[in-house]
There are 2 protein chains.
Amino acid sequence: MGVDHPAQVRLREPQDRVAGKWAIGILVAAAQGPVRFSELERRIEGISRRMLTLNLRKLEREGLLVRTVYPTVPPKVEYTCTEMALELHETLLSLVSWAGRHSADIARAHAAYDAGRASASA
Amino acid sequence: MGVDHPAQVRLREPQDRVAGKWAIGILVAAAQGPVRFSELERRIEGISRRMLTLNLRKLEREGLLVRTVYPTVPPKVEYTCTEMALELHETLLSLVSWAGRHSADIARAHAAYDAGRASASA
DNA sequence: CCGAATCCTAAATGATACTG
DNA sequence: CAGTATCATTTAGGATTCGG
């Protein structure tokens with residue numbers, strides 16, 4: 001099974017942000033060691049090639065990933081977490097864990113809330 | 001000083017998400033006890049009334065906040081964290097702490113990355 | 001005091017096809 | 001293998017105005 005990413009983090013700077021919808025999946029996957037582009041593509045279910053690229057670029061720009069290109073044929077590119085990213089790893093796991101523990105509660109809360117609104121407009 | 005929210009979390013469900021740009025600020029503020037709408041408006045710097053309302057509704061729908069209306073004049077509304085939200089509190093603080101510790105690193109990473117791209121296109 | 005309604009812009013995401 | 005380019009849709013966010 002691919003990494004499911006039940007949570008998403010975005011970190012702000014005055015004008016910028018880190019990451020998008022797939023950031024957690026990428027960072028968690030890369031935390032255990034360097035990962036290749038195609039490996040990420042396989043492990044993160046549902047991500048498009050374009051979004052993977054964009055998220056990788058953003059994470060690299062933020063200093064969370066390092067991109068290493070091996071000038072071989074065929075090309076090989078590895079993404080490695082920086083120290084900074086590894087410091088975040090445990091927190092990300094907490095987030096994922098929390099979301100996993102409570103996904104059913106959240107679904108129930110949705111249903112209850114929506115039911116309330118429906119009866120209100122009836 | 002208002003709560004600054006250097007980080008932003010969004011939590012996913014199959015089809016939905018929790019929270020937006022201001023979620024952390026709101027949840028952190030509400031974790032210490034019930035907060036009123038206008039209090040949040042004051043403590044979360046830069047938030048518009050509309051976005052505060054929308055984020056509160058979303059958090060309520062996700063089961064992270066409970067909204068209590070006191071039918072007084074003038075009206076009084078309090079938002080309280082649920083158990084589920086309190087379980088997330090520590091993780092959110094970690095996130096905020098991490099972002100605070102590394103904001104300078106991130107800024108440097110941005111600058112370095114952008115400088116690299118500039119020389120690449122030159 | 002606590003919103004809702006409307007209008008608008010920018011950003012994120014996705015599908016698809018092409019390339020060194 | 002590891003991307004880019006282009007096009008389209010969806011969503012988030014902000015400004016402003018109105019109401020119970």
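None of these values were measured; they are calculated from a predicted model. So you know, we letter chains A, B, ... as the sequences are listed, proteins then strands, and number each from 1.
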Quick one: [X] [atom1] to [N] [atom2], roughly how many Å, whole number?
X       : N      : atom1 : atom2 : answer
A/Ile26 : D/dA2  : CD1   : C1'   : 14 Å
A/Tyr70 : D/dG3  : OH    : C1'   : 18 Å
A/Arg57 : C/dA12 : CZ    : P     : 16 Å
A/Leu54 : C/dG14 : CG    : C1'   : 11 Å
B/Glu39 : C/dC1  : CD    : P     : 13 Å
A/Leu56 : C/dT13 : CG    : P     : 13 Å
B/Glu78 : C/dC2  : CD    : C1'   : 13 Å
B/Leu52 : D/dA15 : CG    : P     : 14 Å

Taking all non-hydrogen atoms of both residues, which atom of [X] and which atom of [Y] are closest, and how far apart?
X       : Y        : answer
A/Cys81 : A/Leu86  : CB-CD2, 3.8 Å
A/Arg61 : B/Asp114 : NH1-OD2, 2.5 Å
A/Val35 : A/Ala29  : CG1-O, 3.7 Å

Using only side-chain N and O atoms of [X], determine if any of them is under 4.0 Å from OP1 or OP2 of [N].
X       : N      : result
B/Ser38 : C/dC2  : yes
B/Arg36 : C/dC1  : no
B/Arg49 : D/dT16 : no

task: Any salt bridge (Lys or Arg N to Asp or Glu O under 4.0 Å) involving residues 69-90 of chain A? Give me the pairs, sequence neighbours left out, ordered by first then second residue.
output: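 Non-adjacent pairs meeting salt bridge (Lys or Arg N to Asp or Glu O under 4.0 Å): A/Lys76-A/Glu78, A/Glu87-B/Arg101.
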
- request: Go through the N and O atoms of the side chain of B/Arg50 and the base of C/dT6, and report whether any donor-acceptor pair is under 3.5 Å.
  value: yes

message: What's B/Tyr79 touching, base or sugar-phosphate or nothing? Going by heavy atoms closer than 4.0 Å.
response: sugar-phosphate

query: If you look at every strand shown and take non-hydrogen atoms under 4.0 Å, does B/Ser48 touch a base, only sugar-phosphate, or nothing?
result: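 Nothing, no nucleic acid heavy atom in range.
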
Counting side-chain heavy atoms from CB outward, which of [options] is closest to [X]?
X       : options              : result
B/Met51 : D/dG14, C/dG3, D/dG3 : D/dG14
A/Thr53 : C/dG3, D/dG3, D/dC1  : D/dG3
B/Pro75 : C/dC1, D/dT4, C/dA4  : C/dC1

Rounded distance [0.5 Å steps], CZ in B/Arg57 versus CD in B/Glu62: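 Output value for this atom pair is 14.0 Å.
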
